[in-house]
Amino acid sequence: MPAKYWNKTSIRYDQTTKIIELFLQDLKASNQSTFWLQSCNVCSSCCSIEAVGGQFKVKPPILGSTEFMSQADIMFAFIYSKFGRDQLPIKPVVGVIESELMDNLTFAINSLSTCKATSRYFKSANETVEAMKESLNRGCAITISYLTGYNSGHYISVVNWDGKKFCAYDSWKDNMHCKKGGVLEEYEPSFFLERARHRFIEVT
């Protein structure tokens, strides 16, 4: 049994439109930064919440009739706010990106939604992949980080295991590992055996 709304494609988040990304894009263009695309963590976490039918506890601000922030923007702001940082399970350290740390994302999911998120750690790639299958068969969604071909980490939301392949949403549609623009991307188990960190967030 996959996540409840695994094939509702509107649950996908586009990280290139997020507030922090637009700011970083400007800095990168003006040679004040060497990177952007840093919000896959909160985008995949929010996608997992929506995949299982969770409700968000904070409503986005509305100007007129338009919401100008997404739930991913809110989660990012929560993690970096004084209020949020004071509560994070892994406390802020200068030079460490708090939103990249899985336990902090798990805390944010539990704080900002009605979902139950659990950080799960494993000893091997095979154990990780088998646990992914088991979680997805129970109707959970998974937020997981893997090593890309760019030699960098990247979070995605995995929402289904059909017995042969995994299906996931990727907030970075131009990722070299995407073939469907980030919408219900398909992955053989070997992909995660080779690339996945030995941990993931289980969202129910």
Side-chain angles (χ1 to χ4, degrees), residues 1-13 15 18 39-60 69-81 83-92 97-125 127-146 153-163 166-171 182 184-185 187 192 196-204:
M1 181 179 69
K4 184 176 182 179
Y5 296 114
W6 74 277
N7 60 353
K8 183 180 178 182
T9 57
S10 62
I11 69 173
R12 178 186 174 268
Y13 282 70
Q15 72 185 89
K18 299 301 163 272
S39 64
C40 59
N41 37 47
V42 292
C43 286
S44 59
S45 296
C46 289
C47 183
S48 290
I49 291 170
E50 295 206 32
V52 299
Q55 300 297 309
F56 292 101
K57 296 179 181 179
V58 179
K59 294 182 179 180
M69 291 179 69
S70 72
Q71 289 293 340
D73 290 309
I74 291 171
M75 185 176 287
F76 194 92
F78 170 75
I79 291 172
Y80 286 96
S81 68
F83 176 77
R85 284 163 69 91
D86 286 347
Q87 301 180 66
L88 292 176
I90 302 179
K91 298 304 179 185
I97 302 174
E98 285 80 35
S99 59
E100 292 289 344
L101 303 175
M102 193 176 78
D103 286 349
N104 287 345
L105 290 171
T106 298
F107 172 76
I109 293 170
N110 286 324
S111 298
L112 297 176
S113 79
T114 57
C115 290
K116 178 182 179 182
T118 305
S119 296
R120 300 188 61 186
Y121 292 86
F122 307 96
K123 296 180 180 179
S124 68
E127 185 181 354
T128 303
V129 170
E130 291 305 309
M132 290 174 67
K133 296 175 184 177
E134 186 271 332
S135 290
L136 292 165
N137 286 335
R138 286 190 287 107
C140 303
I142 290 170
T143 293
I144 191 167
S145 174
Y146 71 85
H154 184 57
Y155 278 97
I156 59 174
S157 175
V158 186
V159 294
N160 190 24
W161 162 250
D162 68 4
F166 294 98
C167 289
Y169 290 97
D170 191 322
S171 59
L184 293 177
E185 297 287 347
Y187 303 89
F192 293 107
R197 272 67 184 263
H198 300 166
R199 55 186 183 268
F200 62 72
I201 304 171
E202 179 183 275
V203 182
T204 59

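On a predicted model such as this, the values are computed, not experimentally measured, just so you know. The first residue in the sequence is number 1, and the count goes up from there.
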Any sub-3.5 Å donor-acceptor pair from [X]'s side-chain atoms to [Y]'s backbone N or O?
X: N104; Y: I90; answer: yes
X: Q71; Y: V58; answer: yes
X: K91; Y: D86; answer: yes
X: S81; Y: F78; answer: yes
X: E185; Y: G182; answer: yes
X: D73; Y: S70; answer: yes
X: Y155; Y: S171; answer: no
X: Y169; Y: W6; answer: yes

Can you name the nearest heavy-atom pair linking [X] to [Y], along with the distance?
X: M132; Y: V158; result: CE-CG2, 4.2 Å
X: T106; Y: A117; result: CG2-O, 3.4 Å
X: P92; Y: E98; result: CA-OE2, 3.2 Å
X: P60; Y: M69; result: CB-O, 3.3 Å

Sequence neighbours excluded and cut-off under 3.5 Å, please list the side-chain donor-acceptor pairs for residues 48-57, or say none.
{"unit_1": "S48", "atom_1": "OG", "unit_2": "S44", "atom_2": "O", "d": "3.2"}
{"unit_1": "S48", "atom_1": "OG", "unit_2": "T143", "atom_2": "OG1", "d": "2.8"}
{"unit_1": "S48", "atom_1": "OG", "unit_2": "S157", "atom_2": "OG", "d": "2.8"}
{"unit_1": "E50", "atom_1": "OE2", "unit_2": "Y13", "atom_2": "OH", "d": "2.6"}

Practice item. Walk me through it: do N160 and L136 pass the test side chain to side chain contact (heavy atoms under 4.5 Å, CB included)? Key: CA-CA 6 Å; N160 190 24; L136 292 165; 5.7 Å; no
Practice item. Look at the rings of W161 and F166 and say which category their plane angle falls in: under 30° parallel, 30 to 60° tilted, over 60° perpendicular. Key: tilted
Practice item. Apply the test side chain to side chain contact (heavy atoms under 4.5 Å, CB included) to residues H198 and Y121: give CA-CA distance (whole Å), side-chain angles for both, the deciding distance (0.1 Å), then the verdict. Key: CA-CA 6 Å; H198 300 166; Y121 292 86; over 6 Å; no
Practice item. Run the numbers on I156 and I144 for side chain to side chain contact (heavy atoms under 4.5 Å, CB included), then give the verdict. Key: CA-CA 6 Å; I156 59 174; I144 191 167; 4.0 Å; yes
Point to revise | Among E202, R199, M102, the one residue meeting side chain to side chain contact (heavy atoms under 4.5 Å, CB included) with S119 | key: M102
Review point. What do you reckon, is OH of Y5 surrounded by more than 12 foreign heavy atoms closer than 6.0 Å?
Key: no
